[in-house]
Protein chains: 2
Amino acid sequence: MHFQQLTYFVAVAETRHFTRAAEAVHVSQPSLSQQIRALEAELGADLFSRARGNITLTDAGEALLPLARRILADAETARHEVQELVSLRRGRVRLGATPSLCTGLLPDLLRAFHDRHPGVRLLLEEGGSHDLVRQLARGALDLALVVLPLPAASPALTTVELLREDLVVVSAATEPPPGRDGSIRIADLEGAPLVMFRHGYNLRELTLAACRAEGFEPTFTVEGGEMDAVLGFVRAGLGVAVVPSMVAARAGHDLRRTALAGSGLRRTIALAHRSDVDPPRAARELQRMLLEHRPVPG
Amino acid sequence: MHFQQLTYFVAVAETRHFTRAAEAVHVSQPSLSQQIRALEAELGADLFSRARGNITLTDAGEALLPLARRILADAETARHEVQELVSLRRGRVRLGATPSLCTGLLPDLLRAFHDRHPGVRLLLEEGGSHDLVRQLARGALDLALVVLPLPAASPALTTVELLREDLVVVSAATEPPPGRDGSIRIADLEGAPLVMFRHGYNLRELTLAACRAEGFEPTFTVEGGEMDAVLGFVRAGLGVAVVPSMVAARAGHDLRRTALAGSGLRRTIALAHRSDVDPPRAARELQRMLLEHRPVPG
DNA sequence: TGATCTCCATAGGCAGCACCTATCAGTGAG
DNA sequence: CTCACTGATAGGTGCTGCCTATGGAGATCA
């Protein structure tokens, strides 16, 4: 049984005429006759009674017709469905990102993506880099925005470096500015009241490591919050915090932003996906847009 | 898109393995790979991500899989349905017959047919020969048992003579026997009280024509009934009636049967169907059984 | 690290078949 | 009777699906 044969069969059933059916399906009449014969032979029953000028379906033909129509419709649907995925009129991207990236980088990007491909669903998984890497490996995510270096031994993940972001110190605008001359050194943080993120934040590890490299343990007034909470505590004058510059830029005028002097402190943000399978079409498109619109790199 | 390709696709989706899928569908692995490639090319999207030892469906593959399964299932159903019709495990016979044949010939035949092909529905249309011929021509009947000669100019009907049946006179067992020496002539019916069928019965025309050929008009005590009613009136002693011998034989012991002397009166029963289309398989089978089990012809 | 295995892709050859054009055969109308 | 119409048949051709043989890229293990 071939799709062609079913197409021809339906055409004859609808026109009740071999020659006109052949024209309708753009094939010569002998070819169509032959294929109908072949289908009849395979099924072991005549499908049409070929009365001169009065072609009618036999009972076997009557039984076949609705199924043939449905099969052809399903095939058409299949083509259409796949086409919609390919053309990004439909689809899904499962994107993971660390909390700081969710507030900093993503909103504009996802907005732009959604405007361009409104039919594609965006599923965002907010989590620590460790979790995200595991989810990627399990196939639960298509793409993740992570902070390098990756925590775990990455199981066959490909990472594309996206941008290097300076970390800055934020403090309440109502408090005297920390440091000197509008800039601050890591060493100046010794003894300073710090508002620190919860365990699991990559920023926490990064800041701690920097302080320890300078030979001191930082002092925390409050610790344990998420990004928004930390900024709130800083606004309230509880202390200063080390945050990505992109986050600081969005934090509003009641927060002062002080650059870290010298080599400063940076973090590298990368896009990760499994190496062994290509991400779906929609995820590749998101990746492409991310790389294209990437904020000033370096 | 070919059924083969969908079969291969489903096999790979189920085994997650090209080589094993190829074994499952009894084809060489390169052929299977090639067909999957062809399908992917036609649809314009990869269906599998071919990670070493970890074949998975892409989103396009996921979209296609349920449709592919349904298409294959429908194709299987189509084969099965047609096969059931062919093997007479299912089907339909639309059979027409005159009322006298419905009571005389059909019950045993239909019983035998149903016993042999219990899945075939029997649709019986009881009517006059004229109606039956029209229904046949319209395609509303597959087969009809009619009395020859056919009334209307038969529009391309094929008739197969089935049997010639004597007509006999039935009378109430409680009444004195008509005629002489256990037989009766048509002429003896002159002035005799006759119970006559309604208009449209072929038997009515036959009997009337026979009487007129003898030069008299028969006398009716009651007229207008169907077969059962006529026999009932005869039983009640209202008169005698001319009926087919087959009907008379089944009428019970309270009815006397008297043969018509001389050339007698006969009618020819035939099986009719359209000449331009073959009847459905089930109808042909019924026709075959009818000819095979036909009661003593002639 | 190199040998081996596994597994999918590629290459080349063959055969089947779907398609074509040309023609035949049966039917109905003028 | 002749012609037009319609479906079936015949013969030839090119596409393609199948095969076997082989390549090449991970895994696995000594």
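Reckoned from all heavy atoms, side chains included, excluding hydrogens, waters and symmetry mates. Chain letters run A, B, ... following the sequence lines, proteins first, then strands; residues in each count from 1.
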Does [N] have OP1 or OP2 sitting under 4.0 Å from an N or O in the side chain of [X]?
X	N	value
B/T19	C/dC8	yes
A/H17	D/dC5	no
A/S33	D/dG7	no

Discussion item. Under a 3.5 Å distance rule, please check whether A/T58 uses its side chain to pair with a backbone N or O of A/L47 as donor and acceptor.
Written reply: yes

Worksheet item: Any sub-3.5 Å donor-acceptor pair from B/R284's side-chain atoms to B/P279's backbone N or O?
Response: yes

Worksheet entry | Side chains of B/R116 and B/M289 in contact at under 4.5 Å (non-hydrogen atoms) | yes

Discussion item. Is there a side-chain contact between A/V93 and A/F113 in this structure, where contact means two heavy atoms from C-beta onward sitting under 4.5 Å apart?
Written reply: yes

May I have the distance from [X] (atom [atom1]) to [N] (atom [atom2]), rounded to whole angstrom?
X	N	atom1	atom2	result
A/R16	D/dT6	CZ	C1'	16 Å
B/R50	C/dT10	CZ	C1'	13 Å
B/F48	C/dC8	CZ	P	11 Å
A/E42	C/dC17	CD	P	12 Å
A/L39	C/dA18	CG	C1'	14 Å
A/L47	D/dG7	CG	C1'	16 Å
B/R20	C/dC8	CZ	C1'	13 Å

Nucleotide N/O to protein N/O under 3.5 Å, stretch nucleotides 12-20 of chain D:
unit_1: D/dG17; atom_1: O5'; unit_2: B/Q35; atom_2: NE2; d: 3.4
unit_1: D/dC18; atom_1: OP1; unit_2: B/Q4; atom_2: NE2; d: 3.4
unit_1: D/dC18; atom_1: OP1; unit_2: B/Y8; atom_2: OH; d: 2.9
unit_1: D/dC19; atom_1: OP2; unit_2: B/S28; atom_2: N; d: 2.8
unit_1: D/dC19; atom_1: OP2; unit_2: B/S28; atom_2: OG; d: 2.8
unit_1: D/dC19; atom_1: OP2; unit_2: B/S31; atom_2: OG; d: 2.8

Item to complete: Answer yes if the side chains of A/S49 and A/T56 hold a donor-acceptor pair under 3.5 Å, and no otherwise.
Response: yes

Discussion item. Hydrogens and angles aside, do B/T77 and B/E81 bring a side-chain donor and acceptor to less than 3.5 Å of each other?
Written reply: no

Fill in: Pair B/E84 + B/R79, salt bridge at N-O below 4.0 Å
no

Fill in: Ion pair check, B/R20 and B/E23, cut-off under 4.0 Å
no

Practice prompt. Inspect the surroundings of CZ in B/R121 and state if more than 12 heavy atoms from other residues, nucleotides or ligands are less than 6.0 Å away.
Written response: no

Could you list the protein-to-nucleotides 26-30 of chain C atom pairs, N/O on both sides, closer than 3.5 Å?
unit_1: C/dG26; atom_1: N2; unit_2: A/R52; atom_2: NH1; d: 3.2

